[in-house]
Amino acid sequence: MASLSYILRRPEESDGIWGWLTTVDHKRIGTLYMTTSIFFFLVGGAEAIAMRAQLASPNSTMISADLFNQLFTMHALTMIFLAIMPMGVAFFNWLIPLQIGARDVAFPRLNALSYWVYLFGAITLNLGWLTANSPNAGWFAYANLTSIQFSPTVGLDFYVLGLLVLGTSSLLGAMNFVVTVINLRAPGMTLIRMPIFTWMAFITSILLVLAIPVITIGLIELGFDRFFGTLFFDSAAGDVLLWQHLFWVFGHPEVYILILPAMGMVSEIFPTFARKPLFGFPVVVFSGIAIAFMGWSVWAHHMFATGMGPVPDSVFAATTMAIAIPTGVKVFNWLATIWGGNIRFTTSMMFALGFIALFTIGGLSGMTHAAAPSDLQQTDTYYIVAHIHYVLFGGSIMAIFAGIYYWYPKMFGRLLNEKLGKWNFWLVFIGMNMTFGPMHYVGLMGMPRRNYMYPSDMGWDFWNQISSGGSLIMAVGILIFLHNFFRSRRKGEIAGNDPWDARTLEWSISSPPPHYNFAEIPEVTGGDAFWETKYPGGKKREAPVVDIETNDIHIEMPRPSFYPLITAVGMALLALTMVTHPIVGVLGLLTLLWGSYGWMLEPAE
Amino acid sequence: MADGQKDLFMLVFWIAAIIFVIVEALLVYIIIRFRQKKGQEDYLPKATHGNTMLEIGWTILPVLIVIGITIPTLRGIAETYDPPKEFANTATINVEVVGAQWWWEYRYLDANGDIDFVTANEMHIPTNTVVKLKLKSVDVIHSFSVPRLAGTRDVIPGRDNRMWFNATEEGIFMGQCKEFCGASHALMRTIVVAESHDNYTQWAANQRLGVPNSYEQTAGWNLFQDKGCVGCHTIRGTTAVGDIGPDLTHFGSRHSIASNVLHKGEPSVNFVDYYNDLERDDNLENLKSWLENPPAVKPGSLMPDLGLTDSEITTLAEFLENLQ
Amino acid sequence: MHEEHVGHTTTTGLDNRKMLMWVFLASDCLFFGSLIATYMVMRSQSVVGPYPGDIFDIPYTSVSAFVLLMSSLTMVLSLSALQRGNHKATRIWLLATAVLGSIFLGGQYYEFTVFVAEGLSLDQNIFGTTFFVLTGFHGTHVAIGVMMLLSMYGASAMGKLPTSSSLNLELVGLYWHFVDIVWIVIFTIVYLIPS
């Protein structure tokens with residue numbers, strides 16, 4: 001029985017570790033993404049706490065300059081690429097098929113591959129910690145500080161290789177989701193009837209497909225400069241500024257990649273907890289499209305200080321101002337959604353409301369940066385750090401918390417504890433404002449960013465102490481969240497199909513959903529498809545909607561496969577060649593070929 | 001330039017503040033007015049799907065606000081490169097700023113654009129004079145920034161950039177590199193001393209002079225040679241012509257050490273107090289701790305720990321302080 | 001190879017895999033676009049030679065471009081043969097495509113050795129850097145394409161490429177034509193347009 005063909009057979013559904021390693025089920029893959037990204041969120045948080053400890057007092061010698069430079073670099077890389085983006089993908093994985101009435105994504109094995117490549121990329125990026133040589137030139141890694149001449153240690157090699165691997169993961173996932181949204185919608189679900197979260201996920205995925213190749217090229221060029229002596233970013237023979245352009249052409253769409261899923265989540269949550277539909281649905285969709293489109297035209301507002309000249313400065317200032325408009329329109333539509341509503345203050349709703357409050361602040365400070373001359377005072381100070389964290393923490397992370405409290409019951413069958421949730425919310429909300437609020441002030445008072453220490457009596461001491469104190473309060477709130485997350489898996493109140501009386505299709509099936517999602521693919525006749533079946537004509541249906549519960553239903557679903565994992569290992573080994581030995585590359589190539597051919601040749605689903 | 005930037009900022013800030021108050025107030029109002037009341041769990045509010053007039057309104061209003069902010073913004077941009085017309089008849093001096101890891105060289109140019117004299121880390125300017133800066137880098141990207149005089153402008157290897165400022169009153173203005181440039185980015189500082197026209201002229205005249213020959217007879221000079229300092233530093237009037245580190249010809253007349261990482265006052269005094277009261281006597285403690293172990297003071301510093309004994313340190317410190 | 005899923009309906013009617021290939025090609029457009037943009041931004045910036053005018057042999061490169069173009073023709077013929085059920089012709093045209101692609105690659109290799117001998121290397125000047133990285137990545141794409149063509153050949157020879165699976169060949173064809181079009185763009189911008 002132990003023949004080669006048996007060993008290499010496509011596994012049947014299995015439990016335990018092997019089941020998780022070979023899963024191609026979008027729900028399991030979503031859970032993998034979620035738990036891994038929560039882990040890295042904590043890693044990034046620890047890096048932040050370390051920095052705040054150092055900056056709590058002036059002239060501190062607690063953390064060396066080099067370690068601090070590694071910390072601020074890794075904190076940003078971890079939060080952006082290993083926490084927020086994968087958490088978004090966790091939700092894309094869980095929700096897109098459920099919201100469009102599909103059984104899985106278009107390419108289940110490709111989906112699994114995306115996760116494993118993410119995991120290996122995350123590990124590659126963090127390998128530097130083993131020798132205290134993590135990337136240390138900032139997450140934006142400006143040339144030519146990143147050249148071999150000025151950064152001879154291996155840290156930046158991990159930067160290049162880690163991000164190349166992570167970019168591959170994002171790209172593969174995004175391609176999968178684009179095809180899924182276009183091609184796997186339930187009958188009757190035209191694009192305008194598609195839920196708003198899926199819309200934002202779709203737009204985000206298109207942005208990824210177009211933006212990731214640009215940073216890939218930037219990283220390849222940096223890698224070639226470091227490994228093969230090319231001259232792309234050489235100050236004499238090449239152009240140092242070329243890196244900044246390539247980086248920010250990716251980097252600006254990237255921030256919309258970070259915020260659009262969050263906007264999608266709160267756009268689902270407000271209607272549920274206000275018991276009214278999203279106000280101006282087509283306008284909210286169109287604003288998302290406008291933001292994605294216009295986001296390509298603003299990149300050099302990150303480069304106002306580089307001296308491009310008055311004309312480029314003016315163009316980018318104008319386009320940056322313009323992008324405030326669709327963003328503002330969304331905020332007004334959210335407010336109009338909850339206006340006149342019947343508002344329930346669940347933890348999820350509180351996080352969503354907190355999102356509006358805090359993201360607005362971040363957006364408004366962004367407007368002040370768009371005024372290019374004034375930005376020359378703000379750039380590279382803590383004022384920018386304040387902006388970043390109000391939009392990314394106050395925006396993306398608050399919305400992610402809202403999303404977790406909202407969809408956790410669907411994923412795990414149990415509700416998160418509301419009391420712990422309220423503690424979670426208030427500590428994080430208060431802590432966040434305490435930490436990042438004062439940064440607006442110290443930044444305008446001149447405190448530069450990316451400094452491992454600051455002199456005393458510049459007027460910054462007191463506010464830095466407040467910031468550091470706030471970070472500890474946030475940390476406690478997040479620990480409470482963790483406790484809630486793990487405790488509720490076993491002890492949470494059973495959720496049932498539809499604990500929130502919600503509006504979209506994922507709530508029409510059990511929690512957690514059966515392996516095949518829908519016993520019968522639904523026929524959709526309008527937006528908010530599920531709501532219409534519960535409240536036809538706006539009145540509650542007499543008999544409750546019966547879910548076709550099923551133990552006798554047997555629906556063929558794609559079988560697990562270990563080739564995605566093998567292919568991912570091959571990719572990781574290939575990436576690591578440059579910092580190890582050519583034999584690793586050969587091994588990687590062979591593994592990649594084994595994975596790819598095995599994948600193509602294994603028996604169909 | 002800084003004043004114009006502040007005015008623009010205040011304009012945008014107040015508009016943003018008004019929008020902030022409106023949005024947050026609306027949010028709070030909604031939370032209070034429309035919260036679920038007891039017994040109302042099943043109440044279904046009117047399912048309004050949208051309102052075209054509102055959408056048009058709250059699109060047009062932001063457009064108008066944005067246009068209102070963009071116009072002064074665009075007007076201010078040219079000014080961040082070159083002085084506006086009203087300064088056409090103001091006296092001008094030209095200085096080349098060269099950024100290096102982790103210090104600043106200042107090359108004052110004469111009327112023909114040739115180098116008049118070179119100094120480091122401390123720039124003197126006359127008040128009410130346009131100071132035009134040409135910005136260069138010899139290694140990585142830095143950013144020259146003296147916030148109270150002007151915003152920041154990057155210093156990029158392979159490209160020249162320009163900025164200008166104009167001090168309307170006397171004083172000492174602290175600045176710092178703003179673009180992350182490696183280990184001691186946080187310690188790449190500078191000071192700009194704005195003084196009266198006469199004081200500036202006197203300062204510049206002194207800067208042009210090399211040191212007298214008698215310096216080469218001192219014990220300090222012997223050490224300066226023996227320990228290899230001449231390989232990196234220039235002291236005009238001597239045989240020291242190294243150009244890797246700062247020009248030290250008039251080091252003694254400067255107020256700070258190693259690009260304002262340390263000042264020349266008592267170690268326990270902070271920068272703000274020190275610069276507010278320069279009448280205090282100079283104190284050699286900080287200079288000695290620099291000479292004792294530069295990388296300990298400034299991580300990554302190219303100036304190594306020379307392994308000097310205490311008496312060597314004292315001799316050198318006194319020698320350097322005498323370079324007035 | 002996978003059998004076609006009969007009756008596996010999609011919202012647009014287009015097969016998922018074909019759509020995936022188009023989405024991938026969109027991302028590859030940005031990939032090559034960024035490399036080409038880098039080349040264009042830096043053209044005429046070389047501080048030292050050799051410069052493009054010094055070493056390009058336009059007639060030679062035109063021939064190799066023509067070879068690649070012809071390979072797109074044979075690719076189309078291969079797919080057409082498969083769709084008509086003529087498996088022998090499928091294989092002949094597949095092999096022809098792979099051979100033409102390999103000739104193109106061989107031509108690239110020879111051309112590069114000549115350039116290197118004339119002093120242009122990856123690190124000689126920015127022209128060398130941008131030129132070799134751009135064409136190198138294109139060549140890698142071609143090489144992967146040749147591998148896919150040979151795999152298709154092998155599958156057909158083993159009877160594992162029936163007409164009902166012609167989509168698989170069509171996908172390889174789409175990729176191959178894309179790589180060819182990228183070369184047309186590179187040839188025009190890098191070789192033909194004087195700097």
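Values below: every heavy atom of this structure, side chains too, minus hydrogens, waters and symmetry copies. Protein chains get the first letters and strands the later ones, always in sequence-line order, with residue 1 at the start of each. Just so you know, these numbers come straight off a predicted model, no measurement behind them.
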What part of [X] is in contact with chain A, defined as an atom under 4.5 angstrom from a non-hydrogen atom: side chain, backbone, both or neither?
{"X": "B/Asp7", "result": "neither"}
{"X": "B/Leu54", "result": "side chain"}
{"X": "B/Ile31", "result": "both"}
{"X": "B/Ala2", "result": "both"}
{"X": "B/Asp160", "result": "neither"}
{"X": "B/Gln101", "result": "side chain"}
{"X": "B/Arg189", "result": "side chain"}

Minimum heavy-atom distance between [X] and [Y], given as atom pair plus value:
{"X": "B/Pro62", "Y": "A/Phe332", "answer": "CG-CE1, 4.1 Å"}
{"X": "A/Ala371", "Y": "B/Leu8", "answer": "CB-CD2, 3.9 Å"}
{"X": "B/Pro157", "Y": "A/Ser235", "answer": "CB-CB, 3.5 Å"}
{"X": "A/Asn342", "Y": "B/Tyr43", "answer": "ND2-O, 3.0 Å"}
{"X": "A/Arg275", "Y": "B/Pro45", "answer": "O-CD, 3.2 Å"}
{"X": "A/Pro373", "Y": "B/Gly76", "answer": "CG-C, 3.6 Å"}

*For B/Asp3, does the CG atom sit with more than 12 other heavy atoms under 6.0 Å from it, leaving out its own atoms?*
no
*Is atom NZ of B/Lys37 surrounded by more than 12 heavy atoms (other residues, nucleotides or ligands) closer than 6.0 Å?*
yes
Give the member of [options] that has the highest number of heavy-atom pairs under 4.5 Å with chain B.
{"options": "A/Gly527, A/Gly341, A/Pro448", "answer": "A/Gly341"}
{"options": "A/Ala318, A/Ala317, A/Ser314", "answer": "A/Ser314"}
{"options": "A/Gly280, A/Pro58, A/Ser456", "answer": "A/Gly280"}
{"options": "A/Gln149, A/Met349, A/Met303, A/Arg344", "answer": "A/Arg344"}
{"options": "A/Ala336, A/Pro277, A/Ala65", "answer": "A/Pro277"}
{"options": "A/Gly238, A/Pro282, A/Ala237, A/Gly309", "answer": "A/Gly309"}

Interface residue of largest heavy-atom contact number with chain A, from [options], under 4.5 Å:
{"options": "B/Thr73, B/Asp82, B/Ile30", "value": "B/Ile30"}
{"options": "B/Arg153, B/Met174, B/Arg33, B/Gln176", "value": "B/Arg153"}
{"options": "B/Val63, B/Ile15, B/Asp139, B/Ile65", "value": "B/Asp139"}
{"options": "B/Ser145, B/Ser143, B/Pro147, B/Cys177", "value": "B/Pro147"}
{"options": "B/Arg162, B/Glu79, B/Glu41", "value": "B/Glu41"}

*Which residues pass the ring pair (Phe, Tyr, Trp, His ring centres under 6.0 Å) test with B/Tyr81, sequence neighbours left out?*
none
With only heavy atoms counted, which part of [X] is less than 4.5 Å from chain B, the side chain, the backbone, both or neither?
{"X": "A/Leu241", "answer": "side chain"}
{"X": "A/Phe150", "answer": "side chain"}
{"X": "A/Gln70", "answer": "neither"}
{"X": "A/Thr368", "answer": "both"}
{"X": "A/Phe72", "answer": "side chain"}
{"X": "A/Val329", "answer": "both"}
{"X": "A/Ala143", "answer": "backbone"}
{"X": "A/Phe140", "answer": "side chain"}

_side chain to side chain contact (heavy atoms under 4.5 Å, CB included) partners of A/Ala370, counting only residues at least two apart_ = A/Thr320, A/Met321
Spacing of [atom1] belonging to [X] relative to [atom2] belonging to [Y], to within rounding of 0.5 Å:
{"X": "B/Ile141", "Y": "A/Thr306", "atom1": "CD1", "atom2": "OG1", "result": "8.5 Å"}
{"X": "A/Met367", "Y": "B/Phe13", "atom1": "CE", "atom2": "CZ", "result": "11.5 Å"}
{"X": "A/Gln378", "Y": "B/Thr152", "atom1": "CD", "atom2": "OG1", "result": "12.0 Å"}
{"X": "A/Ser374", "Y": "B/Lys6", "atom1": "OG", "atom2": "NZ", "result": "12.0 Å"}
{"X": "A/Leu364", "Y": "B/Glu24", "atom1": "CG", "atom2": "CD", "result": "8.5 Å"}
{"X": "B/Asn161", "Y": "A/Met308", "atom1": "CG", "atom2": "CE", "result": "10.5 Å"}

_Verdict with reasoning, B/Ile77 to A/Phe304, per side-chain contact (heavy atoms from CB on, under 4.5 Å)_ = CA-CA 10 Å; B/Ile77 285 176; A/Phe304 280 144; 5.9 Å; no
*Passes side-chain contact (heavy atoms from CB on, under 4.5 Å), B/Thr59 versus A/Ile325? Steps please.*
CA-CA 7 Å; B/Thr59 307; A/Ile325 297 164; 4.1 Å; yes
So, do [X] and [Y] sit near enough that their side-chain heavy atoms are less than 4.5 Å apart?
{"X": "A/Asp66", "Y": "B/Pro299", "answer": "no"}
{"X": "B/Val140", "Y": "A/Tyr142", "answer": "no"}
{"X": "B/Leu187", "Y": "A/Tyr452", "answer": "yes"}

*What parts of residues 178-185 of chain B touch chain A if we use heavy atoms and a cut-off under 4.5 Å?*
B/Lys178, B/Glu179, B/Phe180, B/Cys181, B/Gly182, B/Ala183, B/His185
*asked:* Quick check: under 4.5 Å, non-hydrogen atoms only, which of residues 259-278 of chain B neighbour chain A?
replied: B/Asn270, B/Phe271, B/Val272
_Audit row: B/Leu27, A/Ile338, side-chain contact (heavy atoms from CB on, under 4.5 Å) steps and yes/no_ = CA-CA 9 Å; B/Leu27 194 57; A/Ile338 56 180; 4.2 Å; yes
_One pair to check against side-chain contact (heavy atoms from CB on, under 4.5 Å): B/Gln36 and A/Phe345. What are the steps and the verdict?_
CA-CA 8 Å; B/Gln36 187 168 87; A/Phe345 292 102; over 6 Å; no
_Over 60° means perpendicular and under 30° means parallel, so tell me whether B/Phe9 and A/Tyr383 are parallel, tilted or perpendicular._
perpendicular
*Determine whether the side chains of A/Asn333 and B/Glu55 contain a donor N or O and an acceptor N or O closer than 3.5 Å.*
yes
